[in-house]
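Remember, predicted model here, so these are calculated numbers, not experimental data.
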Amino acid sequence: MDQIMVTAKPHLLSSTLLPLTIQKLQQPILPSKCKFKFNQTPHSNSDQPGTASSFTPNLEQTQQIHAHMIKTQFDHTLQIPLKPLQTHLSRGAQYNFLITSYIKNNRPKIALQLYTQMRRMDTQVDNFTIPTVLKACGQSCLEFLGRETHGFALKSGWDSDVFVCNALIQMYSECGSLVLARLVFDQMTERDGVSWSTMINSYVRNRVLGEALELIRDMYCMQVKPSEVAMISMVSLFADITDMKMGKAMHAYVARNSSNEKLVVPTTTALVDMYVKCGNLAYARRLFDGLAQKSIVSWTAMIAGCIRCNELEEGAKLFNRMLEERKFPNEITMLSLVIESGSVGALELGKWLHAYILRNGFSMSLALATALVDMYGKCGETEYARALFDSMENKDVMIWSAMISAYARAHRTNQASLLFARMRDSGIRPNQVTMVSLISLCAEVGALDLGKWVHSYINQQRIEVDVILRTALVDMYAKCGEIDVGLRLFHKATNRDSRMWNAMITGLAMHGCGKEALELFEEMERQGVKPNDVTFIGLLHACSHAGLVADGKRVFKKMLHDFGLAPKVEHYGCMVDLLGRAGKLDEAHELIKSMPLEPNTIVWGSLLAACKIHKSPDLAEVAARQLLELEPQNCGYNVLMSNIYAASNRWIDVAGVRKALKDKGTKKEPGLSSIEVNGAVHDFMMGDKTHPRTRKIYEMLAEMIKKLKEAGYTPNTSVVLQNIDEEEKETALNYHSEKLAMACGLISTAAGTPIRIVKNLRVCDDCHTATKLLSKIYGRVIIVRDRNRFHHFREGSCSCGDYW
DNA sequence: TTAGGGTTAG
């Protein structure tokens, strides 16, 4: 009862592992450490202790005061039984006070009920009430009531009040009605800094960044000087959208225009945060070190920044220094640090933070638990995540989504769908975030049926499809082989950001639609959407898969010349792949030699693969030597080399490589194929016998091999890595994961329906040949998505034209 | 001024 958690101060409160208890409500003086704030009503600029408007009670106190007001029927003067609130309030002010208190305590619905009651009782609604009520409407996304209140403000003549208008902008933007928000903003005769920053923030929140930036430019042009507080929020805006150029401009502007000494720490902290989020840790650190007085917020931003940049030791050092300087972490500190640990996959640090939270008297709030669940999920520790998740008595949509996303990340399709079912059963309404996790999972594992089901669920439940969800859907349909559905969804979008364009371009690339991808990019340019490095990876892949060498070269040049994007090592990898596949091996090699960056395994690997296609053992040796230096453990390169030597009849070299392989033992990322049947995903490793229908699957496999041989198939044993005899090699080939998945598909689906398989590596030569024949023998369309692209097998041939 | 879950590539 009456317990309020205060910020934990482990060193000061070593004996207080239990939450502090504050005095009962009836007791006269509030402890100074509790979270009570002196709240300001819109028009009051100074704290006025002793008036109700400057005091925000917690929920329980609000309810008690509410009960008291009901008892006195709002008629008598209000006596709040707390010393600073011995005060007399009119009926209207009593309502205002209650409405504000409920909103501050996150109970907007009760606030709105009170407002309705107030109107019914003809109590005067004033320009103090309206912004408060609008805030509640915004928080609850009740645009209808918000509009009604807007109408009331118009009738009462308060539509010219800056506070009322600012609240209207905020309300409309929270309800997603940006056009109306802008209308209110445009019609204002007098705007203050808050009006501008609210409107700008609305655009940022809804990811309409172009408009936000334009508005900032307008503001400069009109010489509107934002308030110093608004400047801080603009800095944090550029931090959020990681726009260092604008962030720096704001830095210069702030340096020229701010003079309020009290705001030095918050302003500098916001700048530290901006530089951190824009990736300039060193500069952030310089600013931070220059701060004579550092707040807990400053420490939080800086330490979180170190972790974000993977400077874990420095982060830990700063954390200790912070404690030494007697600044103690609050819940937001811990949240920030846990989130950043998750983002860089720092499991050990994450666990340490978890322990720190438990040891130092923090209550395990849903927010903290969610951040921890997410951190464990991102570090691949789904079991830890699940244990913590299960330990939380009350769960909300956020933690549910975080757990589902953990499963999604681990490709645990069946667990994710089970949890999703449980979520619905317990009456928690899934939202866009939940759906994005599920849809992207379907995309990753190629679960088309489940993806379609989730999509229909989204429509049925009228879950709004925002940019992110639409991107996930476009990506899912493209990755599940339904590129046309993806295109349809893409073209129907009213608001496309660069990521959505990227998803579509990448999708077309996977399907070998090079020309279409290039056309789409031209359209993207025309619409003024800024491409990023991912866009160019998609484009180069598209050119590579369609053999468009000249286009690829043009795109590669364009990247730097037209968009100022320096090619990364991935882009060089794509270019080497493009040139190599097209047989321009020397040109590819020259490109590698001229690279300003250190070539990695992807770059050399692309060259090696090209040497295999075009039978160039000498250059292959060069590539393989580099690869083995970079990754001595990976025997895949030796295998590839032995195949290359074999193709050129260099048997002595073949024997040499085989010996090296035997000495080292074979290590290679295991192949994994999956197939979806009736919404459940079945995974197969090579020679897998864990499936419940194993016997049937192997019977089918035997039949498949028999029919293949009758059709003239001879196993291509050169792709087998192990040093075993020919017969064993043949058996190994037959048990390749994609063949097992195919057998599973053939026995589990109706004749004539397409079979869809997803493989984590590239399809091997032998399986490719076999699948072509199987598509003819069984009269099935077989769609295989491998690591690189789609293969549509039909009537004995493949859409890749044997070029992959 | 720091603030729980989501999209493209790898």
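- Atom C1' of nucleotide dG4(B) and atom CG of Asn394(A) are separated by 16 Å, given to the nearest angstrom.
- One can place CG of Leu388(A) at 12 Å from C1' of dG4(B), the figure rounded to the nearest angstrom.
- On a pure distance criterion of 3.5 Å, a polar donor-acceptor pair joins the side chain of Asn431(A) and the base of dG5(B).
- When the nucleotides dT8(B), dG5(B), dT7(B) are ranked by their closest atom to the side chain of Thr506(A), dT8(B) comes out on top.
- Among Lys378(A), Lys277(A), Arg308(A), the single residue meeting the salt bridge (charged side-chain N to carboxylate O under 4.0 Å, His left out) criterion with Glu340(A) is Arg308(A).
- A cation-pi arrangement is found for Arg424(A) relative to Tyr457(A), the charged atom lying closer than 6.0 Å to the ring centre and inside a 45° cone about the ring normal.
- Going from atom CZ of Arg499(A) over to atom P of dG6(B) covers 12 Å, rounded to whole Å.
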Next on the checklist: I'd like to know whether Glu383(A) forms a salt bridge (charged side-chain N to carboxylate O under 4.0 Å, His left out) with Arg412(A), so could you lay out the CA-CA distance, the side-chain angles of the two residues, the decisive distance to 0.1 Å, and finally the verdict.
Outcome noted: CA-CA 12 Å; Glu383(A) 303 306 320; Arg412(A) 307 261 287 262; 3.1 Å; yes
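- Among the atoms of the strands shown, base atoms are found under 4.0 Å from some heavy atom of Asp396(A).
- Among the atoms of the strands shown, none is found under 4.0 Å from any heavy atom of Val235(A).
- The aromatic ring centres of Phe536(A) and Phe556(A) sit 6.0 Å or more apart.
- Ranking dG5(B), dG10(B), dT2(B) by closeness to the Thr300(A) side chain, first place goes to dT2(B).
- Computed from coordinates, the Asp533(A) CG to dT8(B) P distance equals 14 Å when rounded to whole Å.
- Rounding to whole angstrom units, CG of residue Leu337(A) and P of dT2(B) are separated by 14 Å.
- Across all strands, Leu366(A) comes closer than 4.0 Å to base atoms (heavy-atom distances).
- Within the 4.0 Å cut-off from OP1 or OP2 of dT2(B), not a single side-chain nitrogen or oxygen of Lys327(A) is found.
- In this structure, of dA9(B), dT1(B), dT7(B), it is dT1(B) that holds the atom nearest to the side chain of Pro266(A).
- Thr267(A) comes within 4.0 angstrom of no nucleic acid atom, judged by non-hydrogen atoms across all strands.
- Of the candidate nucleotides dT7(B), dT1(B), dT8(B), dT1(B) has the atom lying nearest to any side-chain atom of Ser295(A).
- Residue Ser336(A) places no side-chain atom within donor-acceptor reach of the base of dT2(B), judged by atom type and a 3.5 Å distance cut-off alone.
- Looking at heavy-atom distances under 4.0 Å, Ile339(A) makes contact with sugar-phosphate atoms alone, never a base.
- Atom-to-atom, CZ of Arg496(A) to P of dT7(B) comes out at 21 Å; the value is rounded to the nearest Å.
- Atom CZ in Arg789(A) sits roughly 14 Å away from atom P in dG10(B) (whole-Å rounding).
- Straight-line distance from the CD1 atom of Ile303(A) to the C1' atom of dT1(B): 15 Å, rounded to whole Å.
- Among the nucleotides dT7(B), dG4(B), dT2(B), the one closest to any side-chain atom of Ala367(A) is dG4(B).
- Using a 4.0 Å cut-off, some side-chain N or O of His541(A) falls inside it from OP1 or OP2 of dG10(B).
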Next on the checklist: The test is side chain to side chain donor-acceptor pair (under 3.5 Å); show your working for His354(A) and Tyr384(A) and say whether it passes.
Outcome noted: CA-CA 11 Å; His354(A) 188 175; Tyr384(A) 278 125; over 6 Å; no
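- Within the nucleic acid shown, Lys395(A) has no heavy atom closer than 4.0 Å to any nucleic acid atom.
- With dT8(B), dG4(B), dT2(B) as the choices, the nucleotide that has an atom nearest any side-chain atom of Ser236(A) turns out to be dT2(B).
- Within the 4.0 angstrom heavy-atom criterion, no nucleotide atom of any strand lies near Leu271(A).
- Counting any heavy atom pair closer than 4.0 Å across all strands shown, Arg409(A) reaches sugar-phosphate atoms only and no base atom.
- The listed nucleotides are dG4(B), dG5(B), dT8(B); the one nearest the side chain of Val397(A) is dG5(B).
- Between Phe490(A) and Trp501(A), the distance separating the two ring centers is shorter than 6.0 angstrom.
- Counting non-hydrogen atoms under 4.0 angstrom, Lys479(A) reaches the backbone sugars and phosphates but no base.
- Applying side-chain hydrogen bond (donor to acceptor under 3.5 Å, both in side chains) to Asn502(A) and the options Asp475(A), Asp497(A), Thr535(A) leaves one that passes, Thr535(A).
- For Ser405(A), a side-chain nitrogen or oxygen approaches OP1 or OP2 of dG6(B) to under 4.0 Å.
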